[in-house]
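Quick notes on the structure that follows.
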Amino acid sequence: MKEIEMEEEKEFEPQYPAQLYTKRPNPTALLSPLYDSTFKGIFTQETEDSKLALQTFVSAVVGRNVKNVILKPNEPAKDSPELKGMSYDISVEFDNGEMSDIEMQAWKEDYDYGVRAEIQSARLLNNNAKKGDNWDSPKIYQISVLNFHFRKDDNKILSWYTMKDEAGKRLTDRQNIIFIDLKTIRKKLGLPIDELTPIDKWGLFFSYVDKEEYADYISELVRSEKGIMAAESIVKNMSEADDNWFVQNSRFIYERDRNTLIHNAEKRGREEGLQQGAQKKAIETANNMLKKKYSVSDISEITGLSLESVIELQKQFPTQA
């Protein structure tokens, strides 16, 4: 097999410049799993392929064979009416009662992502603790696929965090936070397939399945894992729908424009202008998606606007009420 040259990546983006494509650009073009909509689509459809992909991916991450997985509602119960709502990207129950939240993070945000993951995991643990005197609870796994390094000094492919004391002694193994670093995995591009771990294969699939120049290599990789083969089949089916390209396009433009606003605001020191500009761009994107009749929950997730804000915007479109 022809040796593949490593890419010097700055911002790793999909094959197709999304700002140019609101429809499928050609009959073989594939969506990128780096986008939430495609990533979720792989694992949350009511098909055998989707179930196999999810079971295989979860098994690869936790390092053991998870024989069965069940999708759960992605909105945890609120402890009180005042408690801010929090949604999980993909919520899963394992065959032994353990729970997991799985999400893709393609863009590094301004906030501390470790804090966010810790809050998500604590919430997941709390919502699945059994009532009674024994404080019994199944293990939970907060699994985040990151398209960036979580920490500059820690670029491991898989980082697994639990609660420990200052000497490194574990308190319990109930709360587990796992980061998968796609940027590090991409350094393995071009290695013989039999030298890759299951996590390596999934990471390279997420990163390169949409890139035509690596089609032969990814095809060989896909054939080596039935779960990834199922995932590829789902991506191909999703890529046939122009609506899915519109969603990817909307997300790309929102993130691109948001990053531009951040850069300009930092350069000029105009924090207020940043917030106003980002809000304006989010509203424009939401209005475009409402015209296309996307659900308020999908629009809220893509733009970052609250559900209440999107519902208010929706009132401008009577046919969708």
Side-chain angles (χ1 to χ4, degrees), residues 31-77 85-107 109 113 116-128 138-147 150 158 160 175-182 198-199 201-203 205-207 209 225 227-228 230-235 237-238 244 247-248 251 294-295 297-302 304 307:
L31 296 160
S32 171
L34 298 182
Y35 287 88
D36 294 346
S37 52
T38 304
F39 183 77
K40 288 182 183 178
I42 291 172
F43 296 121
T44 60
Q45 299 188 43
E46 295 181 0
T47 65
E48 288 303 313
D49 274 349
S50 191
K51 185 176 181 180
L52 176 61
L54 181 58
Q55 179 264 330
T56 306
F57 175 69
V58 167
S59 296
V61 175
V62 300
R64 63 178 175 81
N65 183 28
V66 178
K67 296 180 180 179
N68 190 34
V69 289
I70 302 170
L71 287 171
K72 306 293 286 185
N74 68 347
E75 181 70 24
M86 178 183 291
S87 63
Y88 305 131
D89 279 8
I90 304 169
S91 189
V92 184
E93 182 177 346
F94 302 172
D95 48 8
N96 61 355
E98 295 176 351
M99 303 288 294
S100 178
D101 165 37
I102 306 169
E103 58 185 9
M104 168 67 73
Q105 290 291 323
W107 290 273
E109 303 287 356
Y113 191 72
R116 180 186 185 279
E118 190 171 27
I119 292 171
Q120 288 275 63
S121 67
R123 191 70 183 281
L124 187 62
L125 181 65
N126 179 62
N127 276 276
N128 292 285
K139 294 181 183 179
I140 63 94
Y141 304 85
Q142 169 69 26
I143 300 171
S144 299
V145 183
L146 307 180
N147 192 35
F150 171 55
L158 189 148
W160 191 314
Q175 192 169 348
N176 299 271
I177 298 174
I178 302 171
F179 294 147
I180 299 167
D181 188 326
L182 294 182
I199 285 293
K201 292 178 181 180
W202 275 104
F205 171 78
F206 292 145
S207 297
V209 67
E225 292 282 346
I228 300 179
E232 182 193 47
S233 177
I234 294 169
V235 172
N237 288 334
M238 290 183 67
N244 290 330
V247 171
Q248 176 167 296
R251 182 64 174 178
Y294 283 91
S295 70
S297 59
D298 285 345
I299 295 171
S300 174
E301 181 178 338
I302 287 174
L307 282 173

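Everything quoted here is computed from the prediction, not taken from an experiment.
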A side-chain contact here means heavy atoms from C-beta on lying under 4.5 Å apart; do Thr38 and Ser32 qualify?
no
Would you mind reporting whether Met104 and Phe43 have side-chain heavy atoms less than 4.5 Å apart?
-> no
CD of Gln105 to CZ of Arg116, rounded to nearest 0.5 Å, is 5.0 Å
Can you find a pair of side-chain heavy atoms, one from Ser50 and one from Ile234, that are under 4.5 Å apart?
yes
Heavy atoms of Pro33 and Val209 approach each other most closely as CD-CG1, 3.5 Å
Does any part of the side chain of Phe57, heavy atoms only, come nearer than 4.5 Å to the side chain of Val145, both counted from C-beta? yes
By side-chain contact (heavy atoms from CB on, under 4.5 Å), Ala231 pairs with (sequence neighbours left out) Ile42, Ala53, Trp202, Phe205
In this structure, OG1 of Thr44 is separated from CG of Leu71 (nearest 0.5 Å) by 6.5 Å
Do Val58 and Phe94 have side-chain heavy atoms sitting under 4.5 Å apart?
yes
Phe179 backbone acceptor or donor facing Ser144 side chain under 3.5 Å:
no
| said: Atom CD of residue position Glu118 - does it have more than 12 heavy atoms of other residues, nucleotides or ligands inside 6.0 Å? | reply: no
Paired with Gln142, the side-chain hydrogen bond (donor to acceptor under 3.5 Å, both in side chains) test is passed by just one of Arg123, Glu103, Gln175, namely Glu103
dist Ile140:CD1 -> Ser100:OG (nearest 0.5 Å) comes out at 8.0 Å
Any non-hydrogen side-chain atom of Phe39 less than 4.5 Å from a side-chain atom of Ile102? yes
Output for pair (Leu182 CG, Asn147 CG), nearest 0.5 Å, gives 5.5 Å
Contact check, side chains of Ile178 and Leu158, non-hydrogen atoms, under 4.5 Å: yes
- So Thr56 and Ile228, side chain to side chain contact (heavy atoms under 4.5 Å, CB included) or not? Walk me through it. CA-CA 8 Å; Thr56 306; Ile228 300 179; 5.7 Å; no
Can you check whether Lys67's main-chain N or O pairs, donor with acceptor, with Gln55's side chain at less than 3.5 Å? no
Taking every heavy atom of Val61 against every heavy atom of Trp160, the minimum-distance pair comes out as O-CZ3, 3.8 Å
d(Asp36 CG, Ile90 CD1) to nearest 0.5 Å is 9.0 Å
When rounded to the nearest 0.5 Å, the distance separating CD1 of Ile177 from CG of Asp101 is 10.5 Å
Contact between Leu125 and Met99 at the side-chain level, heavy atoms closer than 4.5 Å - yes or no? no
